[in-house]
Amino acid sequence: MWVELIQEVRVAQMGVQILFGFLLTVVFTSKYDDLSGTDQTIYLVTVVLGACATGVLIGPVSLHRLVSGRQIKPQAVTWAARMTLLGLVLLLATTCASLLLILRVATGDGYVPYLVAGVVFWYLLWWFGLPMWVRYRYTTR
């Protein structure tokens with residue numbers, strides 16, 4: 001299970017690292033100074049979420065390195081799986097907060113929160129809803 005988990009983490013790590021890298025550059029653009037106080041707050045929250053997601057998604061690698069050879073692989077897999085799930089939740093929050101900021105800046109329209117809520121639902125459906133349904137539907141009792 002460890003090998004499968006690490007492969008899953010690699011996919012999520014790549015996405016969160018690219019997103020986080022782009023987020024870090026925004027503050028150094030001239031457009032940042034033009035953002036409203038609310039948009040700057042959304043940006044700061046988004047960066048912190050991205051930093052937290054990056055940290056927890058890299059965590060399983062560090063966990064493996066520090067406990068390797070200690071005969072506790074089942075516990076390490078359990079904790080790494082928990083960290084990965086938390087990382088996915090934080091990645092979801094980071095992505096949606098980024099979308100909220102981008103759409104607010106790009107359009108300024110009142111429909112943006114509804115659009116972002118729709119995207120949140122979409123992610124929840126595919127990242128958590130379907131997997132939980134498959135788990136329930138096909139797990140032997």
Side-chain angles (χ1 to χ4, degrees), residues 1-29 31-141:
M1 288 190 65
W2 184 262
V3 173
E4 292 173 359
L5 181 63
I6 291 300
Q7 291 294 47
E8 294 166 2
V9 168
R10 283 187 182 136
V11 172
Q13 280 177 345
M14 181 64 70
V16 76
Q17 288 172 336
I18 291 170
L19 177 58
F20 186 55
F22 281 119
L23 285 170
L24 291 176
T25 65
V26 170
V27 75
F28 299 106
T29 66
K31 181 75 173 172
Y32 181 79
D33 293 331
D34 297 336
L35 294 177
S36 70
T38 300
D39 290 338
Q40 287 184 359
T41 300
I42 293 170
Y43 170 73
L44 293 174
V45 168
T46 305
V47 168
V48 170
L49 286 169
C52 291
T54 300
V56 78
L57 285 171
I58 293 173
V61 175
S62 176
L63 175 70
H64 180 263
R65 184 54 31 225
L66 293 172
V67 303
S68 183
R70 304 281 179 171
Q71 310 301 320
I72 57 171
K73 189 162 277 190
Q75 295 85 356
V77 169
T78 298
W79 279 103
R82 290 174 182 163
M83 291 189 316
T84 302
L85 185 58
L86 176 58
L88 289 174
V89 170
L90 290 169
L91 177 57
L92 170 70
T94 304
T95 302
C96 292
S98 299
L99 182 63
L100 176 64
L101 179 61
I102 289 166
L103 293 177
R104 280 178 55 93
V105 171
T107 68
D109 286 329
Y111 65 85
V112 168
Y114 302 106
L115 186 57
V116 172
V119 171
V120 169
F121 174 77
W122 184 254
Y123 282 171
L124 290 173
L125 175 68
W126 294 109
W127 288 13
F128 301 103
L130 180 66
M132 292 305 292
W133 178 80
V134 168
R135 179 178 171 172
Y136 173 78
R137 174 73 170 86
Y138 296 106
T139 300
T140 57
R141 294 177 180 91

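By the 4.5 Å heavy-atom criterion applied to side chains, Gln17 and Ile58 are counted as neighbours. Side-chain atoms of Leu92 and Leu124, non-hydrogen and from C-beta on, do get closer than 4.5 Å to each other. Leu125 places none of its side-chain heavy atoms less than 4.5 Å from the side chain of Leu130.
When the options Phe128, Tyr123, Trp122 are evaluated for a ring-ring contact (aromatic ring centres under 6.0 Å, His included) with Trp126, the one that passes is Trp122.
The heavy-atom pair separating Trp2 from Lys73 by the smallest distance is CB-CD, 4.4 Å. Residue Leu23 comes nearest to Tyr43 through the heavy atom pair O-OH, 2.5 Å, listed as atom of the first residue, atom of the second, then distance. Pairing each heavy atom of Val120 with each of Cys96, the nearest pair is CG2-SG, 3.3 Å. A pairwise comparison of heavy atoms in Ile42 and Thr46 identifies O-OG1, 2.6 Å as the closest pair. In terms of heavy-atom proximity, Val9 sits nearest to Pro60 at CG2-CG, 4.2 Å.
Listed for the Tyr138 side chain is no donor-acceptor partner under 3.5 Å among the backbone atoms of Trp133. Between the side chain of Thr29 and the backbone N or O of Val26 there is at least one donor-acceptor pair closer than 3.5 Å.
A distance of 6.0 Å separates CG of Leu88 from CG of Leu57, quoted to the nearest 0.5 Å. With rounding to the nearest 0.5 angstrom, the CD1 atom of Ile72 is 7.5 Å from the CG atom of Leu63. Rounded to the nearest 0.5 Å, atoms CG (Leu24) and CG (Leu19) are 9.5 Å apart.
Sorted by first and then second residue, the pairs that involve residues 99-113 and meet side-chain hydrogen bond (donor to acceptor under 3.5 Å, both in side chains), not counting sequence neighbours, are Asp39-Arg104.
Residues Gln7 and Arg10 have side chains that bring a donor and an acceptor to within less than 3.5 angstrom of each other.
Applying the 6.0 Å contact sphere to CZ of Phe22 captures no more than 12 heavy atoms from other residues, nucleotides or ligands.
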side-chain contact (heavy atoms from CB on, under 4.5 Å) evaluation trace for Val47 with Val27: CA-CA 10 Å; Val47 168; Val27 75; over 6 Å; no
Could you pull out every donor-acceptor pair under 3.5 Å between side chains of residues 75-86 and any protein atom, sequence neighbours left out?
unit_1	atom_1	unit_2	atom_2	d
Thr78	OG1	Pro74	O	3.0
Thr84	OG1	Ala80	O	2.8

